[in-house]
Engineer: 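Structure provided below as structure tokens; questions to follow.
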Amino acid sequence: MKRIVFMVVCVLLVLLPVSIFAGAQEEVSEEVVTLNWWTINSEDYTAEVQTALAREFEKEHPNIKVEVTVLPSSGFGQKMNTALGAGEGGPDLAFFWTTAWYPEALDLTPYIERDNFDTSMYIESFWKTRAVAGDKVVGLPLGVGASLVMYNKDIFDAKGVPYPENDWTVYDYLELVQELENKDVKAWGGDAPRKPFRALWFNFDAQPYSDDSMTVDGYINGEGMVEAYTWLWDLVNTGAVPSTSDLDTLSSEGTGPVDLFLAGRLAMATLNQGHMLTAIDSGVRFGVVPEPRVPGNDRYCNAWSLTSSIWKGTEHPDEAWEFLKYWVGPEGQRFIMNKGHFFPSISSVLAEYEGADKDYVQGFYEVLNMPQVGEWLGTHLSAGTVARAMQDVWDKVILNMVDRDAIKSELEAMMPAAQKALDESRERLGN
Amino acid sequence: MVLKSFFATKRARKETRDGFISILPWIIGFIIFFFLPVLKSVYYSFTEWSFMIDPVWIGLDNYRYMFTDDPLFYKALSVTFNYVLLSLPIKLFLGVMLALLLNWKIRGMNLYRTLFYIPAVVSGVSVALMWMSLLQPDTGIVNTLLSYIGIQGPGWFWDPKWALISVASLSVWRVGGSAVIYLAGLQNISPQLYEASEIDGAGKIRQFWKITLPLLTPTLLFQLIIEMIGSFKVFTEAFVITGGGPLKATYFYLLYFYEEAFQNSNTGYASALVVVLVIIIMTFTAILRYTSKHWVYYES
């Protein structure tokens, strides 16, 4: 018996220091918090740059480890929907790029107040459209982008046509596409819009329904809407712009007709700031202007920024906020800007951009200062449903299946379906 | 009666038990990953629900709206029915014809069989993009070839009159997959039957109608059901190529479902759409099964 007791005591004596050591180890490892960051790989912020950014952050915050999960852009939405919908397995931080996810984002207001975080550093229009939803701050805006019209200087010079100026109009555009078209080399004068209710439509003062989301009457059949569709009809009928089938088969998926532009087959193309930098790498001589205005109306732009948020289900909100501040703050955005094709959303950092004095960058900045269609679309969530209900008018104009004079009656014929879609959607989504 | 035989003797009981234990992993997987999600979908179809907001029970409202107030539901349904009617005969006819060719005993047949099967394993998106280029109205190879013989080709995917036909004709591309199944059916037919009929003086055509086709009907029934279900579920082609247009000519049922669920945050209604589709498919499957006793010939 004594022997057994002696053996047990010996074993315990051996195990004690081991367990103390293990406990200490556990204590140390408990101090390191791991954050899950879901992101995508894009030309503006590559996976390598983002991973490098996380490692830089970890150097300054040894108690926080950032695990970077790079998802394909096409699958990102579905993975977020599934995780946020299930309420478990979501990332600590991610891009909350659709308003449908905003209810699942952590409200950053208390953290901003606690740390006196200066939100005025962000370009105001992007802060308003991409960070704030109602009385909640759903994220911080990362980077900026916008649609703009790029024109090929060589084609303009060859035709002896003066370059467009910032103040140009949609009617100038109609004339220019015809002057610049070159059938001998299968080159078009410009491109045609792919869908309504973007900057051009808002320039025509053509919004799908009333601000209070109650009626489509006076909007779908309004003067601006008729004018916008008539302009589209005129543009299609110039024959100087690529058809839908041309654009479907000759454009890179989801990126606009950048390949056609770079190949010199489009004298003007509605592209974005990323394409601008691609064109520089390709050695194309180009200029940049905002999308054309409509005389007498306000002028808008399609612009975007990525709402970078903390999931409200995170177990480490404080650590996630620390990383978010770094990632989307001046330090992080400067880091990404210096390593890639990226324009930051912070004015002071944007001013440091290497080619800030270049005319195309100045053209881009010009666009950023315009009012954004996102302000209206971001707060009127039924727009997509109403647009779908009136899609047939668009198709008929694009396919040249409607007379110019019949556009108004075609729009009026869409009103019952559009009103029904608005009523159903408003009841569900609230606006 | 059948159940009784499972438990008749001690040995039968043991075998039954062992059998169930063997398939238990599959049953558990089936219940967790298939049956319960299906039940949950049915539940969601009675709710107003988006991914981010908890479901609220609304009874039959989704179904009431669908059947009485939703023009897009009927549009999507009719486009899908037309697609099924158009593509199913093409797939069946060409599948059988190709299987008959692949059943010939000629040199290098295994290579031909492999070549015809390859398209069936190519990603749907790649196939769609390839056909977009081939059928491009101005620069596509199909219209270019047609122009050589003086025919002005249509607008294919970009013409409301031709879009559905174009999408349906894409199914021809995958016919090699079903031809392999028919081929297996053809090779199950006993050669003695052909020999006996030859002695009786039957020619090839008569053999096809009197021997091949009747004995192929079980395979035909199977393929008919599988292809019908696949046709009702058509999505990728429209999603990649046409987006449901032009003028909603290819606005397929699952495309409508996708828009409602993932673009319109109307997930409860989308669940109801899927439940209705499942009922439609089950009904047609039941009709085919019921009528099969009049036209399917089982050798046994």
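Any value given below was found using the heavy atoms of this structure, including those in side chains, with hydrogens, waters and symmetry copies removed. Chain A is the first sequence line, chain B the second, and so forth, proteins listed ahead of strands; every chain is numbered from 1.
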Engineer: Can you sort out the partners of A:Asn182 under side chain to side chain donor-acceptor pair (under 3.5 Å), two or more places apart, ordered by chain and number?
Structural biologist: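 Residues passing side chain to side chain donor-acceptor pair (under 3.5 Å) with A:Asn182: none at all.
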Engineer: Give each N or O donor-acceptor pair spanning chain A and chain B at a distance under 3.5 Å, with atom names and distance to 0.1 Å, or state none.
Structural biologist:
unit_1	atom_1	unit_2	atom_2	d
A:Ser245	O	B:Gln136	NE2	3.4
A:Ser245	OG	B:Gln136	NE2	3.2
A:Asp246	OD1	B:Gln136	NE2	2.9
A:Asp248	OD2	B:Trp158	NE1	2.7
A:Thr385	OG1	B:Asn264	OD1	2.9
A:Arg388	O	B:Lys248	NZ	3.3
A:Arg388	NH1	B:Tyr251	OH	3.4
A:Arg388	NH1	B:Glu259	OE1	2.8
A:Arg388	NH1	B:Glu260	OE2	3.1
A:Arg388	NH2	B:Glu260	OE2	2.6
A:Asp392	OD1	B:Lys248	NZ	3.4
A:Asp395	OD2	B:Leu247	N	2.7
A:Lys420	NZ	B:Asp69	O	3.2
A:Lys420	NZ	B:Asp69	OD1	3.0
A:Arg428	NE	B:Asn266	OD1	3.4
A:Arg428	NH1	B:Asn264	O	3.0
A:Arg428	NH1	B:Ser265	O	3.3

Engineer: Go through the atoms of A:Leu399 and report whether side chain, backbone, both or neither lie under 4.5 Å from a heavy atom of chain B.
Structural biologist: side chain
Engineer: Are B:Ile280 and B:Phe81 close enough that some pair of their side-chain heavy atoms sits under 4.5 Å apart?
Structural biologist: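 In contact.
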Engineer: Side chain, backbone, both or neither: which part of B:Leu135 has an atom under 4.5 Å from a heavy atom of chain A?
Structural biologist: neither
Engineer: Quick check on the 6.0 Å ring-centre criterion: do B:Phe239 and B:Phe252 meet it?
Structural biologist: no
Engineer: Do any N or O atoms from the side chain of A:Asn36 and from the backbone of A:Asp92 form a donor-acceptor pair under 3.5 angstrom?
Structural biologist: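 A pair under 3.5 Å: no.
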Engineer: Can you name the ring-ring contact (aromatic ring centres under 6.0 Å, His included) partners of B:Phe33, sequence neighbours left out?
Structural biologist: none
Engineer: Determine whether a donor-acceptor pair (N or O, by modelled atom type, separation under 3.5 Å) exists between the side chain of A:Asn221 and the backbone of A:Glu412.
Structural biologist: no
Engineer: Quick one: side-chain contact (heavy atoms from CB on, under 4.5 Å) partners of B:Ile149, sequence neighbours excluded?
Structural biologist: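 side-chain contact (heavy atoms from CB on, under 4.5 Å) check on B:Ile149 returns B:Leu146, B:Ile151.
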